[in-house]
Number of protein chains: 2
Amino acid sequence: MSLPHAILTALLERPSSGLELARRFDRSIGYFWSATHQQIYRELGRLERSGCIRALASERPARGRKKEYEVLPAGRAELTGWVSGREDPKPVRDPLLLRMRAAAVVGTDGLPDELRRHLALHERQLADYADIEARDFSARPGTAAGTTTGPAAGTTPGPTEADRLRHLVLRAGMDLERLWVDWLTEALRETSAAPAGPDGA
Amino acid sequence: MSLPHAILTALLERPSSGLELARRFDRSIGYFWSATHQQIYRELGRLERSGCIRALASERPARGRKKEYEVLPAGRAELTGWVSGREDPKPVRDPLLLRMRAAAVVGTDGLPDELRRHLALHERQLADYADIEARDFSARPGTAAGTTTGPAAGTTPGPTEADRLRHLVLRAGMDLERLWVDWLTEALRETSAAPAGPDGA
DNA sequence: CCATCCATGTAACGGGTTACATGATTCG
DNA sequence: CGAATCATGTAACCCGTTACATGGATGG
């Protein structure tokens, strides 16, 4: 039950239409939550029916017309409650780890190429995050100045609480990418060194 | 499309019944893939219909009777192909990161308690993995002797390829837990230090 | 007018989750 | 027998994914 809250958060940061939301989910929001435009439209409909959001007045709501939404008090209350609620971390479920385990049984033929491909993808993602950090958070860890959504740029005051939280989220994303880069490097060392063979037991 | 391959891997390691599989998915397999018994039964049915697995001869297949499965050549081929195929890493989608981002908008009231709770859970999980490592992989990183599934214990030979791969997977799980422990510690430092306030913009 | 975007949807499908149902076995 | 337990299975729901449909605006 996280998508509606992701949308509420995004709409509180800035009222948007469905497609604008979809684009934001492909950019800044994308590094901790992803969603397609179909999911977003479906959820916008539910949120509107449940009174959490409202469509801003438009000339005439028709099929191809842009529709902007804003969050209502009920929506903000819902989000506030969710932030402080309880929700256990989900167990890991990673296809690549599963393939690794399967390779222990049927052999590692063809795996190293795939590991190299993933390594390159994660290195790329890490570099992208580093760019975002340099642009939005002054790169010095623990310090921030200026964000995408626009507070405080130019006067260089101390970072706000909100800035520090957003930076923290970005750093989690970077930490995760670094973890996979390191792990894949080690995995390549172990699988490329020895020849592939069907099982060992 | 990973669950069927998880089941094929588990069945190759040891032919099992549905519930036995479910129990294994709650134990050793659980640190990289999880599944409930309902998922498993549904998938066992599909795999049997598609000729990847076969039910071992039983006195009389009835509703409450145990049914053991083994992998057929087609199933092994399917798994082998999947291991070497292409599958992009999925973008991160973490509810806790999302809540953190939402807290940047609506305030961090009640969040630190939840962060502490998650921290304790991840510390616990890491400790459990460490126990498994000590028991199955002789604890020295890069070296292994003996596994859950039973090869080579007592003679202390070099670890097999399969052992090294399984250890690698376990280490990924441990690395992930350590990442969250570290990140949550840092997050607590930042959110507990300053008082919670609704936004900063 | 036609092609091309932009924007909002519908429909269908599969996986994951939860709750429940039913048949066998065991043990007091 | 009756209760608990093991074991297999059904049903319903929601989320995420893919493909497709429709309407409006823009430019050649």
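In what follows, chains carry the letters A, B, and so on, assigned in the order in which the sequence lines appear, proteins first and then strands, with residues in each chain numbered from 1.
- Straight-line distance from the NZ atom of B:Lys66 to the C1' atom of C:dG23: 16 Å, rounded to whole Å.
- Residue B:Asp88 contributes atom CG, which lies 17 Å from atom C1' of D:dG16 at whole-angstrom precision.
- Annotation: of the two residues near DNA chain D, B:Ser17 and A:Met1, the 5′-most nearest-nucleotide partner is B:Ser17.
- The separation between A:Arg23 atom CZ and C:dC6 atom P is 7 Å, rounded to whole Å.
- Formation of a donor-acceptor pair under 3.5 Å by the B:Arg93 side chain with backbone atoms of A:Ser34 is found in this model.
- Contact between A:Ala103 and A:Leu111 at its shortest, heavy atoms only, is CB-CD1, 3.6 Å.
- Not a single ring-ring contact (aromatic ring centres under 6.0 Å, His included) links B:His118 to another residue, sequence neighbours left out.
- Separating the CG atom of A:Leu21 from the C1' atom of C:dT8 is a distance of 13 Å, rounded to the nearest angstrom.
- For A:Phe25, the ring-ring contact (aromatic ring centres under 6.0 Å, His included) criterion is met by no residue, not counting sequence neighbours.
- By the 4.0 Å N-to-carboxylate-O rule, A:Glu20 lies too far from A:Arg23 to be salt-bridged with it.
- Taking a 4.0 Å limit (strictly below) on heavy-atom distances, residues 30-44 of chain A reaches DNA chain D at A:Trp33, A:Thr36, A:Gln38, A:Gln39, A:Arg42.
- The two atoms that bring B:Leu3 and B:Ala35 nearest to each other are CD1-CB, 3.8 Å, heavy atoms only.
- One finds a side-chain N or O of A:Lys67 lying less than 4.0 angstrom from the OP1 or OP2 phosphate oxygen of C:dG9.
- Side-chain polar atoms of B:Asp163 and B:Thr160 form a donor-acceptor pair below 3.5 angstrom.
- Between B:Arg46 atom CZ and D:dG9 atom P the separation is 14 Å, expressed in whole Å.
- Per the geometry, NE2 belonging to B:His5 stands 15 Å off C1' belonging to C:dG14, to the nearest Å.
- A close approach under 4.0 Å does not occur between any side-chain nitrogen or oxygen of A:Arg93 and OP1 or OP2 of C:dG15.
- Between the C1' atom of D:dT17 and the CG atom of A:Asp26 lies a distance of 14 Å, rounded to the nearest Å.
- Rounded to whole Å, atom P of C:dC6 lies 17 Å from atom CD of A:Glu68.
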